Participant: 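First the structure, which I've put down as structure tokens, then a few questions once you've had a look.
None of these values were measured; they are calculated from a predicted model.
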Amino acid sequence: MIATQRSVSGSSQSPRSPSSQPYLSVSVTDPVKLGNGVQAYISYRVITKTNLPEYQGPEKIVIRRYSDFVWLRDRLFEKYKGIFIPPLPEKSAVEKFRFSAEFIEMRRQALDIFVNRIASHHELQQSEDLRTFLQADEEDVQSKVSDVVLGKEKPVEESNPEYEKLKHYIFELENHLAEAQKHAYRLVKRHRELGQSLSDFGKAVKLLGACEGNSLGKAFSELGTKSETLSVKLQKEAHQLLMNFEEPLKDYVRAVQSIKATIAERANAFRRQCELAETTKLKEINLNKLTLMRSDKVGEAEIEYQELKAESEEATRMFEMIVRLMNEEIVRFQEQKTLDMGIAFHEFAKGQARLANGIANAWRSLIPKLEACSSSS
Amino acid sequence: MIATRSVSGSSQSPRSPSSQPYLSVSVTDPVKLGNGVQAYISYRVITKTNLPEYQGPEKIVIRRYSDFVWLRDRLFEKYKGIFIPPLPEKSAVEKFRFSAEFIEMRRQALDIFVNRIASHHELQQSEDLRTFLQADEETMERLRSQETGIFKKKPADLMQIFKDVQSKVSDVVLGKEKPVEESNPEYEKLKHYIFELENHLAEAQKHAYRLVKRHRELGQSLSDFGKAVKLLGACEGNSLGKAFSELGTKSETLSVKLQKEAHQLLMNFEEPLKDYVRAVQSIKATIAERANAFRRQCELAETTKLKEINLNKLTLMRSDKVGEAEIEYQELKAESEEATRMFEMIVRLMNEEIVRFQEQKTLDMGIAFHEFAKGQARLANGIANAWRSLIPKLEACSSSS
């Protein structure tokens, strides 16, 4: 869509440069801790580079915090029903973890992905709220958190077997994903713990080597040093596992939760459509009755009926639009997720193979030295 | 020494060549007996030998842990100066006490214990060893209940023991060393080395054990992860689901590898380290014995000197107590000479033992470390191969979707 509608008129580019493809690229960088105590928070620098005419110039930098991203997500969720709004990273973390370098980096990365997904979605990128988010001065952006409440399902439900299948799949997927992600996180933890133990072991064995002092002591020292080296490798791989595998899994979980929110919206729209259709029908019956009775309330009733009918038609349109958008979104989601997960698993297997290989080589290189030590004693 | 024995009187066929004397023992077949808190493990101890002191080429007896303790205590009493091989620890956390792994570790350690005694040129001649290897179970039980436990002693003996313990404690109170100590710089160096070694070894062994635990935990996590990912794969159902399932299966396979290696680590590395710790503690006990013998020698020498001075005094005074004093002096002098002989023997034996210990430990530890590095390399190699074999399949899955 973006290629056919927009022209590059009014851009501030040099007239001699070829008319470039329209682009909108955003990056979320430079997390900085501001404030004190319980009011402390992280602010990010959001840099927008674009040649689109709706934007104020080729580059704009603004400062945003997490609740600003939440505001954007909530506005988009309100306005673009049926579309799967990209997910945000979780709101809060355990207090002591909240300002750790790792958490800040993970969050920054997730926010960057969030904004870029919006900017590359053919519908969402045209949002005025997005433009506000990317350009408005800091005082103008309102931070409010509106919760999406998933209410109890009322008996008025679509009876669409394919849709039922989809809902069932989404709910089951969320459970299994959450389990897998939990265990993936534990795996990261175990890598770290093994690395730590290897480091402690290495230190203790080196002390032993210093105490012994003969060829046996030399063997101890070699073993200790090698253990410490491998401990570092393990910690590095634990970090890689976290960033390149566990995070994408977590991102998948959030995306599925976002879909559940859209499912709830669709249910709301369906209910509204049904209720209005029902009410309109009753109003029509009442109108006919009044007409037959030649009542003087006919005029009023006619106006009410027409208003209600318009609302009902609007509700039906809204519902049908949500259904249509959702169907497109499902396809997009599946494709994107298959791609993301394929990459994540690939990274996982490669990382594990690389780590294991490094470890195998390290121990193998030690074996001849150990043989030399024990035979020369 | 064992090579000097003759094979006369053996029950071998006259035509077979006179074989080298041998004594080989194995501790096998742990069996749980008894019920509840009285439950214990019994072992089958099989002795194969051609030594004349023994009853025939093969003998099988049933022994329990406290029988091994009896043997160790008897040898410690009789062979001062020699590093008695260490025993595995007495008790373990209740729930762990009958786990297959603990039973196997203990059996192995007891087997090593008896074999070290049987191959030590002094200790193998011990009569207590022969009793241990051959006596029937009732005799063994009688002996065991006589020796183990201080509470089996007669009250008078008990008092004496407590007095001795008290005097030992007052002698070696921390920070208030009595002046009666060897002033031997080389020996000081050795003691310092042993005490430092014990600390460092205990640390290293603690961390080696944690390493085993971490291997197990990683293996468990990998298994849980594999299961969860397989469920995910079943739920997805397309090529992505297939990738999930492959990953899950591979994780479970590797989990098994990790658990196996954790067990190997425990048996071939952590146990030898623990054994080293126990050996060093046994040496510390011998060091204490040597200190006792030195003190005894000094005290007796001192007392004998005083008695001599007193005797001379009485002789000059032409007292009628001279005869009595002479006898007492001679007795004390004999005791003093015996104490000196005992101390010198302990010193001599210890010096030989130190050399033997160092050589043996260097060998044992060299092997243990070799096993450690090989096991780790083998594990890592297996893991690397497993993941590498998965990568083309994952590539196929993601490209075909």
Side-chain angles (χ1 to χ4, degrees), chain A residues 169 172-173 176-177 179-180 182-184 186-187 189-191 193-194 196-198 200-201 203-205 207-208 211-212 214-216 219-220 223 226 334-335 337-339 341-343 345-346 348-350 352-364 366-367 370-371 373-375 377, chain B residues 193 196-197 200-201 203-204 206-208 210-211 213-215 217-218 220-222 224-225 227-229 231-232 235-236 238-240 243-244 247 250 358-359 361-363 365-367 369-370 372-374 376-388 390-391 394-395 397-399 401:
Chain A
Y169 160 73
E172 204 193 14
L173 183 64
H176 290 313
L177 264 178
E179 267 299 292
K182 176 176 91 176
H183 288 297
R186 276 209 199 136
L187 216 55
K189 212 166 83 130
R190 300 281 179 240
H191 273 71
E193 289 168 348
L194 183 60
Q196 187 57 50
S197 275
L198 215 43
D200 295 337
F201 172 72
K203 285 185 177 58
V205 168
L207 280 175
L208 202 49
C211 165
E212 289 278 8
N214 52 11
S215 71
L216 187 61
F220 279 124
L223 196 85
K226 197 64 80 174
Q334 293 283 53
E335 282 171 9
K337 274 303 139 195
T338 304
L339 207 72
M341 281 296 110
I343 292 170
F345 280 157
H346 205 171
F348 177 83
K350 282 200 305 192
Q352 292 281 292
R354 191 171 44 230
L355 173 71
N357 220 37
I359 293 176
N361 288 340
W363 290 123
R364 266 200 298 268
L366 190 67
I367 289 174
L370 290 177
E371 277 168 0
C373 283
S374 39
S375 58
S377 62
Chain B
Y193 161 73
E196 207 192 320
L197 183 65
H200 290 314
L201 264 180
E203 267 301 290
K206 177 175 90 177
H207 288 297
R210 278 210 200 137
L211 216 55
K213 214 165 83 131
R214 300 284 179 238
H215 274 74
E217 289 168 349
L218 183 60
Q220 187 58 51
S221 276
L222 214 43
D224 295 338
F225 173 73
K227 285 186 176 59
V229 167
L231 280 175
L232 202 48
C235 166
E236 289 278 7
N238 52 10
S239 70
L240 186 62
F244 279 126
L247 195 84
K250 196 65 79 176
Q358 293 284 54
E359 282 171 6
K361 274 304 138 193
T362 303
L363 207 72
M365 281 297 110
I367 292 170
F369 282 157
H370 205 170
F372 177 83
K374 280 200 307 190
Q376 293 282 292
R378 192 171 43 230
L379 174 71
N381 221 36
I383 293 175
N385 288 340
W387 290 123
R388 265 200 298 268
L390 190 66
I391 289 172
L394 291 176
E395 278 167 357
C397 283
S398 35
S399 58
S401 61

Participant: Under a 4.5 Å cutoff for heavy-atom pairs, which residue among A:Asn361, A:Leu177, A:Leu187, A:Asn357 has the most contacts with chain B?
Facilitator: A:Leu187
Participant: For the residue pair B:Tyr193 and A:Glu212, what are the closest heavy atoms and their distance?
Facilitator: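 Closest approach of B:Tyr193 to A:Glu212, heavy atoms only: OH-OE1, 2.8 Å.
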Participant: Looking at A:Leu366, A:Leu198, A:Leu355, which makes the most heavy-atom pairs under 4.5 Å with chain B?
Facilitator: A:Leu198
Participant: I want to check something: taking the side chain as every heavy atom from C-beta on, are B:Gln220 and A:Arg186 in contact at a cut-off of under 4.5 Å?
Facilitator: no
Participant: Taking only residues two or more places apart in sequence, or in another chain, which ones meet A:Phe345 in a ring-ring contact (aromatic ring centres under 6.0 Å, His included)?
Facilitator: A:Phe245, B:Phe244
Participant: Most heavy-atom pairs under 4.5 angstrom with chain B, which of A:Ala184, A:Ala204, A:Cys211, A:Ala180?
Facilitator: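 Heavy-atom pairs under 4.5 Å are most numerous for A:Cys211.
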Participant: Mind checking what makes side-chain hydrogen bond (donor to acceptor under 3.5 Å, both in side chains) contact with B:Arg214, not counting sequence neighbours?
Facilitator: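 B:Arg214 satisfies side-chain hydrogen bond (donor to acceptor under 3.5 Å, both in side chains) with A:Ser197, B:Glu217 once adjacent residues are dropped.
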Participant: Can you say whether A:Leu223 sits under 4.5 Å from chain B via the side chain, the backbone, both, or neither, judging by heavy atoms?
Facilitator: side chain
Participant: Chain B: which of A:Val205, A:Leu194, A:Ile359 shares the most heavy-atom pairs with it under 4.5 Å?
Facilitator: A:Leu194
Participant: So which residue, A:Arg364, A:Glu179, A:Lys189, ends up with the most heavy-atom pairs under 4.5 Å with chain B?
Facilitator: A:Arg364
Participant: Are side-chain heavy atoms of A:Trp363 and A:Ile367 found at a separation under 4.5 Å?
Facilitator: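 A:Trp363 does not reach A:Ile367 side chain to side chain.
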